[in-house]
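No hydrogens, no waters, no symmetry mates; every other heavy atom, side chains included, goes into these values. In this chain, residues are counted from 1 in sequence order.
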Amino acid sequence: MQTSIPIHSATQKQDESIEFDGLFPSTNLLTMHAEEEHFQEGLRIREGLDRAAPGTPYQARLKEEAQRWLTESSVFAPKEKQSPNSSGQTQERETQKDVGYDSHRARLKRKKSKNANRETQTAEQPQRTEAKPRRHNHGRTKPRRTKPGAQVEPPKPDSQPEQQQATSKPPARAVEVNTLIEDGKSVLLGISPFAVAPKGNLLRKQQIEEVQLLPCGRTACGKGDPRNRRGLEALSESQVEALKERTPRCSYLPIPTELYNRIIDWRPILSESPPLAAMLQQMLLGTGRDENWRVEQDCTSIPIPNSKLFAMFDYGSRQSGCSNDGLNSGMLIDLYQQEIDEDFQMSDWNGTKGKARVVKAHGIPDDIVHKSKEVMLSPQTYDDWTLLINGRSANRRNHTKNLRAERLEEVSNQRPAIEPPGYVRSIQKYLNGLPQGRFGNGGYGIFKPEKVRLAIDTARKKCTREKRRDEELRKLFWLRCYPQPLYKFCDHFPRLKAEGANQAMNLPSNILRSMYTKKDVELDLTKAHLACMVPLADREGIKVSLLNEYLRRSMDGEDIWSDLAESFSNQHDWDPGVARAAAKKIYALVYGSSLNNLFREMTMLYGKKTEEYRSFDAFRPVKNHELVDELLRIRSRLQSVINRRGGMQDAAGSFIPLSKWNETKNKEDRWRGVLAYVNASYEQKLMAEAFRVAEEESRRERPRFRIWLYQSDGFTMRVASKYKPKNQIERLQEAVRSKAEDLNVPTKLEIDHPGQT
């Protein structure tokens, strides 16, 4: 039930119904504004309680406001009345007067007194010889006051009996407007043939009926200040209803009909109110995000300029049309909050800095948000589509025709900028030739529906930022439709890359591993990027004894990344784990990165994981580490060799010229492309040895294992249930160890994720 707020009693407790009986008793025009505002606030609270669902936070907040309103009501409590007279009727202590006439007489009396005092002072003081400088107003204008005209008639003598005089209305007359100046704003306190508008403009007699006092103390006529927050209580019920029926000026986006029906079940009014549906559409399907607002909830941090908000309610992109109707952007937001989502919150509008409002929070059900994300990020098949704003049927192209044959044709016809080595082509042939049923064969596939759903849930939990969360969800939504990974060549790198429809190889480890079984094992090459510098340096007679020593210690289990991290983190309050991850960025030196770029990458990684962004200088001590110093020395020598020869031979013996990067790099940076390519060619030659063993295994009637996912310098394999993973892993490790010795690459194939070994 509802809470009672009696209008004239601050001490009376709340009962079970809201009652606003009677008008304000005061006749003082200077206090009518405050009383009217207080009264309108009470009406707003009552209307809110009428609509609020029982037991919700919104109802609890309104009850608190009702209690506060009740306490403040004592300021406007009516005056005590005299005891009944002989006729049994009561009489107020003070007789009502015509305020306009009374204030006019008092003003004339003060004016005469002021003029008399001025004449006396002028006669007593000597006349000045210099004229006083004239004071300017600098553009500030006072609201004009109309002089009392002859039409202002004094009240008639009190000739009626007291009883009749108390109940009769004063004769109709034109009363001078009374204004109260507060912070440069004019507040209308009376009715006059010449009323003062908010900006000081005169309203002529024929406009008087359009003048109304709003709860904020401003008139509803003329253009209002867009930053002035007026509430919905300033509008009549018919105005609010008309507002909800306007036609939005924005794009009408289609959504699957099943999603549309779910939304209408949640809020039926959306089927009847296009502007409110347009606001929800912006929430669910809007792609823009404000990077300065980092909110973890989906569909937040969305900037909504006032111009876009006005367009949703058919006011174009300007404030003027909305203001002329006595509206502002805050009222439109309040309407959405009142009718659709009580948990909806937006930041304040900042006109001085040109900042739009940004969505801070909402209460849209999770299933609606998740389904909307799926529609935006995946090509899922839906037979029926509907426009969210007006509910009309919409045609939509079918995104999910079987593209496997087209994908295979595109991959086979690819011509990369640099012809890949033969051993890289053999890796691609093995991976793209895997049976499709291994990945999407109903309940038996690697990416079966229940596994993908588990990965989607993991992505929503592990990715705290919406942008990153959407990136991973897009990969998973597409993966449901195209479960088999296909691989293409990189144009300027001897590695494979994922074909666009399936990005399983680019999923973060925690999301990818959520789909693993106990028979899935990850293996990769230990410090492969650093290790492949060794054969390059040996070919050119460059000493690498220190680098070799660190790599051998790493193969024995020593963590060289923690050693590197201590060089810059031992004198500050650092997170050890994140500092170690930042130290791994040293890999970039192998591929030609500059020191400034290295420090920038380390700064960004540390800041992203800890929300603490340190300066480049905090990471510079790593440059003095002996291993980094040797890497820079080796790289400098190789740079000279590449520039002198115009290129360098890769692991297959092919010459890789600088000219291959003419269109992609500046002349002074082309050596970086050659160095990165040749280094990675040794890495992929070691990887090819593991795939050679897997290819031989695939010729068996019942293969004991398969490599089903390529991961650049590693892979994921699945061992058949009848065989022990340990034996198959050792076969692959031995093949890679033997090839690494032949190539003089100090690395090994190690287990990164063990499965059930």
pair [X]-[Y]: side-chain heavy atoms closer than 4.5 Å:
X	Y	answer
Leu280	Trp266	yes
Phe477	Ile456	yes
Phe313	Met279	yes
Val375	Leu284	no
Phe447	Pro485	yes

Between the side chain of [X] and the main-chain N/O of [Y], is any donor-acceptor distance below 3.5 Å?
X	Y	answer
Asp290	Ser301	no
Gln281	Ser251	yes
Asn502	Ala504	yes
Arg392	Ile389	no
Glu296	Thr464	no
Thr257	Asp384	yes
Gln297	His362	yes
Arg469	Cys463	yes
Arg357	Ile304	no
Tyr606	Asp575	yes

| request: May I ask you to check whether over 12 heavy atoms, not counting those of Glu611, lie within 6.0 Å of atom CD? | output: yes
| Would one find more than 12 heavy atoms of other residues, nucleotides or ligands at under 6.0 Å from atom NZ of Lys244? | yes
| field | Pair Phe310-Leu327, side-chain contact (heavy atoms from CB on, under 4.5 Å): steps then yes or no | value | CA-CA 10 Å; Phe310 298 147; Leu327 303 171; over 6 Å; no
| query | Is a salt bridge present between Arg468 and Glu472, judged by a nitrogen-to-oxygen distance below 4.0 Å? | reply | yes
Please round to the nearest 0.5 Å and tell me the distance separating atom [atom1] of [X] and atom [atom2] of [Y].
X	Y	atom1	atom2	value
Lys373	Leu285	NZ	CG	10.0 Å
Leu473	Asp298	CG	CG	7.5 Å
Arg465	Asp470	CZ	CG	13.5 Å
Met602	Lys585	CE	NZ	10.0 Å
Ile333	Met346	CD1	CE	5.0 Å
Leu512	Gln711	CG	CD	6.0 Å

| remark: The side-chain contact (heavy atoms from CB on, under 4.5 Å) partners of Ser271 (sequence neighbours excluded) come to Tyr260, Ile264
| Whether Phe439 and Trp708 hold their rings parallel, tilted or perpendicular, with breakpoints at 30° and 60° | perpendicular
| message | Walk me through whether Ile255 and Tyr382 qualify under side-chain contact (heavy atoms from CB on, under 4.5 Å). | response | CA-CA 9 Å; Ile255 59 175; Tyr382 296 97; over 6 Å; no
| query | Under the salt bridge (Lys or Arg N to Asp or Glu O under 4.0 Å) rule, what pairs show up with a residue in residues 502-516, not counting sequence neighbours? | reply | Arg513-Glu522, Arg513-Asp752
| message | Evaluate Ile446 against Asp520 for side-chain contact (heavy atoms from CB on, under 4.5 Å), listing each step before the verdict. | response | CA-CA 10 Å; Ile446 294 173; Asp520 289 311; 5.8 Å; no
| note | Residues Ala234 and Gln239: closest non-hydrogen pair is O-OE1, 4.4 Å
| query | Of all heavy-atom pairs between Thr287 and Met376, which one has the smallest distance, and what is that distance? | reply | CG2-CE, 3.7 Å
| message | Would you say Thr300 and Glu466 are linked by a side-chain donor-acceptor pair, where the criterion is simply a distance under 3.5 Å? | response | no
| request: Show the numbers, then the answer: is there a side-chain contact (heavy atoms from CB on, under 4.5 Å) between Thr716 and Tyr516? | output: CA-CA 10 Å; Thr716 303; Tyr516 284 177; 3.0 Å; yes
